[in-house]
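Below you'll find the structure, written out as structure tokens, and then a few comments.
Remember, predicted model here, so these are calculated numbers, not experimental data. Naming convention: chains lettered A, B, ... in sequence-line order (proteins, then strands); numbering from 1 in each chain.
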Amino acid sequence: MNILESVEAGFRDMASHKGRAVITVIGIVLGVASVVAVLALMRGGEEQSLAFWEELGGLRELRITNTHLDRLMMTAAEKASERLTYRDAIAIGEECPSVSYVDPEITRWLTVTYGDLTYQMKVLGTTGHYPYADEMPLAEGRFLCDKDAETYANVVAMGPTYKEDLFGDEEAIGSTIILDGVPFTVIGVMEKKEFYFQGEGGRSDRNVLEWFNRSHYIPITTMIKRFTIDDRLGGLEVAARSVELVPTLTEEVRTVLTRRHGVEDFNIDAKTERIQQQAEQMVFFNIIFWSIAFVSLFVGGVVIANIMLASITERVREIGVRKAIGAGDRDMFVQFLVEAVAVTAAGGIVGLFAGLGMVAVVEGILGMPTAVTPAILLIAFLCSVSIGLVFGIFPALRAARLSPIEALRYE
Amino acid sequence: MLISTENLTKSYDLGAATVRALRGVTFGIEEGEYVAIMGPSGSGKSTLMHILGCLDTPTSGRYVLDGSEVSGLKGRELARVRNKKIGFVFQNFNLLPRVDLLSNVALPLVYHGSISRAERARKSSELLSSLGLDHRLRHRPNELSGGERQRAAIARALVNEPAILLADEPTGNLDQKTGREIMSILDDLHSSGRTIIIVTHDSNVAAHARRTVHIEDGRVAHDATNGGATREDATGKTRREETL
Ligand SMILES: Nc1ncnc2c1ncn2[C@@H]1O[C@H](COP(=O)(O)OP(=O)(O)OP(=O)(O)O)[C@@H](O)[C@H]1O
Ligand SMILES: [Mg+2]
């Protein structure tokens with residue numbers, strides 16, 4: 001008998017044992033579906049945290065901060081250093097080849113007056129690069145530009161929450177507000193920025209990015225000239241021209257700042273590193289998830305093994321009959337191979353769809369984030385097929401080695 | 001000589017004891033013969049038939065079938081011999097329960113190789129019809145009477161046109177009347193030239209054959225053509241002829 005015919009015989013045989021085939025398929029379906037669901041949940045969690053980091057700011061950014069130093073233990077060099085200044089920011093922008101933009105920042109709480117309203121509000125002195133125009137667009141008007149910094153312009157871009165507080169539904173652009181006694185012209189209103197974590201019971205109410213909405217932005221040069229005694233920075237962010245250049249830029253910045261400060265009294269922190277750290281913390285959860293996936297697959301496998309063993313008497317008899325009329329070991333092997341492969345592949349495919357259904361349920365009803373990638377589908381499918389092969393073929397293969405008469409006598 | 005055996009033995013090792021089911025069977029069967037094998041229960045008749053049918057292998061001795069030595073063959077080759085040269089009819093039919101008669105009968109053709117599906121169906125239905133089962137082609141074995149099942153089993157045994165038909169108590173599970181039907185089929189097959197060996201406990205059944213071999217205690221105790229003369233001379237003569 002040629003292979004094609006053995007394959008055909010396998011299918012015909014399967015068709016004549018519909019009950020057995022169906023239950024086996026169900027076992028596989030359960031296994032695959034739960035693997036898909038579990039992996040999609042894992043992936044969903046990962047993507048959510050990545051999405052958060054991206055919303056927070058580009059991955060190509062470095063954050064530079066002053067190292068905390070104990071006043072009593074400072075060395076002479078450390079005492080002599082001015083720490084991070086606006087001039088450092090300009091030097092980095094001019095001297096580091098890998099830099100895309102520099103975003104220095106000085107924050108002050110200022111008294112804001114408009115008409116008879118007075119509030120204490122957080123004001124950030126910054127440059128036109130903050131926030132990056134495409135990732136944090138304006139609701140109306142424009143953001144700060146380089147020209148505003150050069151001319152020490154008294155202009156302000158308002159956070160949406162403060163704009164509401166002061167103007168309500170009125171037009172804000174072009175109006176004048178008073179910051180610590182100095183009049184500023186409103187040139188833009190930021191778009192509202194929102195991010196809610198998904199958790200058990202759906203979306204959390206807390207907008208973790210609300211602090212963005214509660215900031216005003218003025219040119220950093222104006223901030224230094226009007227409201228501070230020196231140009232020391234509250235924070236400095238530097239973006240590389242690409243994610244790949246982040247390590248290069250880190251070294252360039254280190255060189256420039258160490259030269260200017262005479263000592264390394266600053267930290268350079270790449271966001272990619274923080275994401276990596278977070279990924280490492282996730283390993284533990286991943287292990288748990290993988291165990292669940294493995295257990296579900298195993299349960300599916302046991303179901304299959306059980307079916308195979310339950311039907312073994314009938315099967316061995318059948319093997320005996322087939323061998324008695326001239327079937328070879330290879331014919332038997334191909335027949336079982338076909339059955340196992342067909343059943344597991346069918347179960348695998350149905351399982352993938354069932355898994356997608358479970359994912360939709362988890363996402364829709366429990367409100368947990370999920371993500372399905374081709375890799376997840378492939379992994380689940382391959383697992384199911386190998387399980388089916390191992391559990392399906394092995395018992396039958398052993399039976400196929402019996403002599404015809406032993407098989408016919410099998411009780 | 002179609003079949004010749006020399007000192008065939010078969011022992012079952014049961015750990016504590018060894019059962020010697022065959023203790024040296026030497027005999028021959030010519031093409032076209034119709035032989036009955038009789039003997040008490042447990043004497044080794046089925047064991048002998050299984051070895052002759054290549055369903056089992058002897059512990060020692062030689063077995064030559066249709067001019068080629070079979071005793072040394074292994075798995076795949078034995079499967080080919082079973083498929084092409086032997087038709088075996090069991091007491092309990094041994095049909096596949098889940099497929100219809102047509103597929104059951106066609107199965108040896110499937111393992112034969114390179115016979116088209118249409119040809120397989122044609123041959124099988126022809127055979128089944130000639131045995132009076134043309135209205136049962138699409139029935140499964142459990143929808144049929146014992147006699148019908150045994151006729152289907154005979155059709156299956158014949159479909160590859162084997163050199164020899166072996167039947168181990170083919171009427172053992174049937175009533176007298178049905179048993180006679182089966183025997184008349186075997187008689188017809190014999191008159192059309194087929195070689196047949198049949199195991200039976202029933203001397204009426206054995207009377208259909210032209211020769212009866214008695215097995216006792218795993219040995220040939222008595223071998224005679226039905227009607228008188230013992231076979232010792234005949235086989236002895238044939239063997240001498242061969243050596244000449
Ligand atoms: N698989 C086996 N394992 C152990 N002993 C066996 C096996 N098969 C047969 N025997 C023994 O071999 C001997 C011959 O058995 P066999 O089936 O050939 O007898 P038989 O002549 O066909 O009997 P019956 O007329 O009852 O069918 C018996 O003693 C039996 O118990
Ligand atoms: Mg017997």
Under 3.5 Å donor-acceptor, B/N94 side chain and A/V321 backbone: no
For A/A327 against B/R82, the heavy-atom pair lying closest together: O-NH2, 4.2 Å
Distance (rounded to the nearest 0.5 Å) between A/M332 CE and B/Y111 OH: 3.5 Å
Residue B/E143 excluded, over 12 heavy atoms near CD under 6.0 Å: yes
B/D188: partners by salt bridge (charged side-chain N to carboxylate O under 4.0 Å, His left out), with sequence neighbours left out: none
Side chain to side chain contact (heavy atoms under 4.5 Å, CB included), paired with A/I325, selected from B/L107, B/N104, B/L96: B/L107
A/F353 CZ: over 12 foreign heavy atoms closer than 6.0 Å: no
Chain A contact residues among residues 66-79 of chain B, heavy-atom distance under 4.5 Å: B/A79
Counterpart residues, side chain to side chain contact (heavy atoms under 4.5 Å, CB included), relative to A/A324 (two or more places apart): A/L408, B/L55, B/F90
Heavy-atom pair count under 4.5 Å with chain A, highest-scoring of B/A157, B/P108, B/C54: B/P108
Spacing of CD1 belonging to A/I405 relative to OG belonging to B/S46, to within rounding of 0.5 Å: 8.0 Å
Interatomic spacing from CZ in A/R409 to NE2 in B/H50 - rounded to 0.5 Å: 6.0 Å
Counterpart residues, side chain to side chain contact (heavy atoms under 4.5 Å, CB included), relative to A/A380 (two or more places apart): A/V32, A/V35, A/V36, A/L352
